[in-house]
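Input: a single structure, listed below in structure tokens.
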2 protein chains.
Amino acid sequence: MANGAQKERVSGSLTAGSLTARLQAAVRERGQRWTEQRQLIVDVLAASDGHATGAELVERVRQDDPSATPSTVYRTLDLLEELGLARHHHGPDGRETYHLEETTEHGHLHCRGCGAEQELDAAAAAPILKAITGATGFSADLDHLSLQGLCATCRADQKG
Amino acid sequence: MANGAQKERVSGSLTAGSLTARLQAAVRERGQRWTEQRQLIVDVLAASDGHATGAELVERVRQDDPSATPSTVYRTLDLLEELGLARHHHGPDGRETYHLEETTEHGHLHCRGCGAEQELDAAAAAPILKAITGATGFSADLDHLSLQGLCATCRADQKG
DNA sequence: CCCCTTATTGCAACGTGTTGCGATAGAATC
DNA sequence: GATTCTATCGCAACACGTTGCAATAAGGGG
Ligand SMILES: [Mn+2]
Ligand SMILES: [Mn+2]
Ligand SMILES: [Zn+2]
Ligand SMILES: [Zn+2]
């Protein structure tokens, strides 16, 4: 348990061009290696705008390189998270969903009535995070925050 | 997508004795059947105080009845949730964790620093749920709420 | 450019759930 | 208790990830 490897931030704001060079440097600095697989996986993740599950990413990677295997893709996703380039949250079923760090930090709300998914940006989340800290002392990760409940519409429908 | 079968509350406060009879009636009312497997799974869940993953429950059920299979256990857990007898939330890895409804409603907080897990009762959660509704219109399910972040201690350590 | 060390890969096996299907067994009716 | 209807069961196959291990290849040094 407890915390794994330290995170070293790779980037401030990422432009597609400098991304590879920066990542490559960060990886080498850790005594690790930059490979074609890793490059490809980063490219696929960058092209998958918004959110993508592990299985979806595996499928897209294999379209470009059929020799790639799930284990490599998942291990690379872990590496990218350690470097702070990728993040994940969990869908209502618990499955991990990945996105690039360039997206602004946000949480997710899933309505169990209509299935709608709403994003929660930092501004909207601020009072919520503050309430959490006030009630519990915890500082919650907005990136990882994923709530289930009923949206305003479904709540009104239910009453009627 | 959207909402599955209506939930019919089976119980108010549950004592072990009346539980079976009430469940049996609720199941029959839906045109379904009460079986030895279901009885056993309820018994195991009742004996598993606190939280248990699906795999743990499967293992315990099979100790009493080796012929029981995972599919039956998971399908029964789904049924118990529909009836409102069981609930689940998700660990930090997204895995479902089950508990009986007799436990009072509560959420969970997982510290990614020290691994500590803290429960969040209804009273402590009230201002948080209120902030969520205020910011988003959503009414969040406390049962299903599972946050990741840093506890007060780990946050202080990190600063030092 | 070639060697050498060792990080990375693919593979195979495993863990955890889910689903379709034919066999089994609740339980309502007679 | 026997009959009948069909919900539930076990099974087998599948989907999604994870892990240990031996083969491969990145990349630093000669
Ligand atoms: Mn869930
Ligand atoms: Mn997670
Ligand atoms: Zn809704
Ligand atoms: Zn902590």
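Values below: all heavy atoms of this structure, side chains included; hydrogens, waters and symmetry mates excluded. None of the values given here were measured: they were computed from a predicted structure. Sequence lines set the chain letters: A, B, ... in the order given, protein chains first and strands last, and positions in each chain run from 1.
Taking atom CD of residue E81(A) and atom P of nucleotide dG17(D), one finds them 13 Å apart after rounding to whole Å. Residue L57(B) contributes atom CG, which lies 12 Å from atom P of dT16(C) at whole-angstrom precision. Summarising the geometry, the separation between CG on L23(A) and P on dA26(D) is reported as 17 Å, rounded to the nearest angstrom. Atom CD in Q39(B) sits about 13 Å away from atom P in dC9(D), given to the nearest Å. Here dG10(C) presents its C1' atom at 14 Å from CZ of R38(A), a figure rounded to the nearest Å. The interatomic distance linking E29(A) (CD) with dA7(C) (P) rounds to 16 Å, in whole Å. In this structure, L77(B) places its CG atom 10 Å from P of dG17(C), rounding to the nearest Å. Rounded to an integer number of Å, the gap from NE2 of H88(A) to P of dC16(D) is 18 Å.
Judged by distance alone, with hydrogens and angles left aside, S71(B) brings a side-chain donor or acceptor within reach of the base of dC11(D), the pair sitting under 3.5 Å. A donor-acceptor contact under 3.5 angstrom links the side-chain atoms of R75(B) to the base of dG10(D).
Toward the 5′ end of DNA chain D lies the nearest nucleotide of V27(B), the other residue of the pair V27(B) and R62(B) mapping further downstream. Judged by closest nucleotide on DNA chain D, S67(B) is the one of Y98(A) and S67(B) placed further toward the 5' end.
Proximity of Y74(B) to the phosphate of dT18(C): no side-chain N or O atom is located under 4.0 Å from OP1 or OP2. Look at R95(A) and you'll find a side-chain N or O under 4.0 angstrom from OP1 or OP2 of dG17(D).
Partners of D65(A) under the side chain to side chain donor-acceptor pair (under 3.5 Å) rule, at least two apart in sequence or in another chain, are S67(A).
Counting any heavy atom pair closer than 4.0 Å across all strands shown, Q37(A) reaches sugar-phosphate atoms only and no base atom.
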For nucleotides 23-30 of chain C, print each protein N/O atom paired with a nucleotide N/O atom at under 3.5 Å, atom names and distance only.
| unit_1 | atom_1 | unit_2 | atom_2 | d |
| --- | --- | --- | --- | --- |
| dG26(C) | O3' | W34(B) | O | 3.4 |
| dG26(C) | N2 | R33(B) | NH2 | 2.8 |
| dG26(C) | N3 | R33(B) | NH1 | 3.3 |
| dA27(C) | OP1 | R28(B) | NE | 2.9 |
| dA27(C) | OP1 | W34(B) | N | 2.7 |
| dA27(C) | OP2 | R28(B) | NH2 | 3.3 |

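In this structure, D78(B) CG and H88(B) NE2 are separated by 9.5 Å, a value rounded to the nearest 0.5 Å.
With dC9(D), dT8(D), dT9(C) as the choices, the nucleotide that has an atom nearest any side-chain atom of T72(B) turns out to be dC9(D).
Within a 6.0 Å radius of CG in D49(A), no more than 12 heavy atoms belonging to other residues, nucleotides or ligands are found.
Each of H90(A), H110(A), H89(A) was checked for a side-chain hydrogen bond (donor to acceptor under 3.5 Å, both in side chains) with S146(A), and the lone residue meeting it is H110(A). Each of H144(B), H99(B), H51(B) was scored for a ring pair (Phe, Tyr, Trp, His ring centres under 6.0 Å) with H108(B), with one residue passing: H51(B).
The closest side-chain heavy-atom distance from Y98(B) to L57(B) is below 4.5 Å.
When atom types are taken as modelled, the side chain of D141(B) and the backbone of D143(B) share no donor-acceptor pair closer than 3.5 angstrom.
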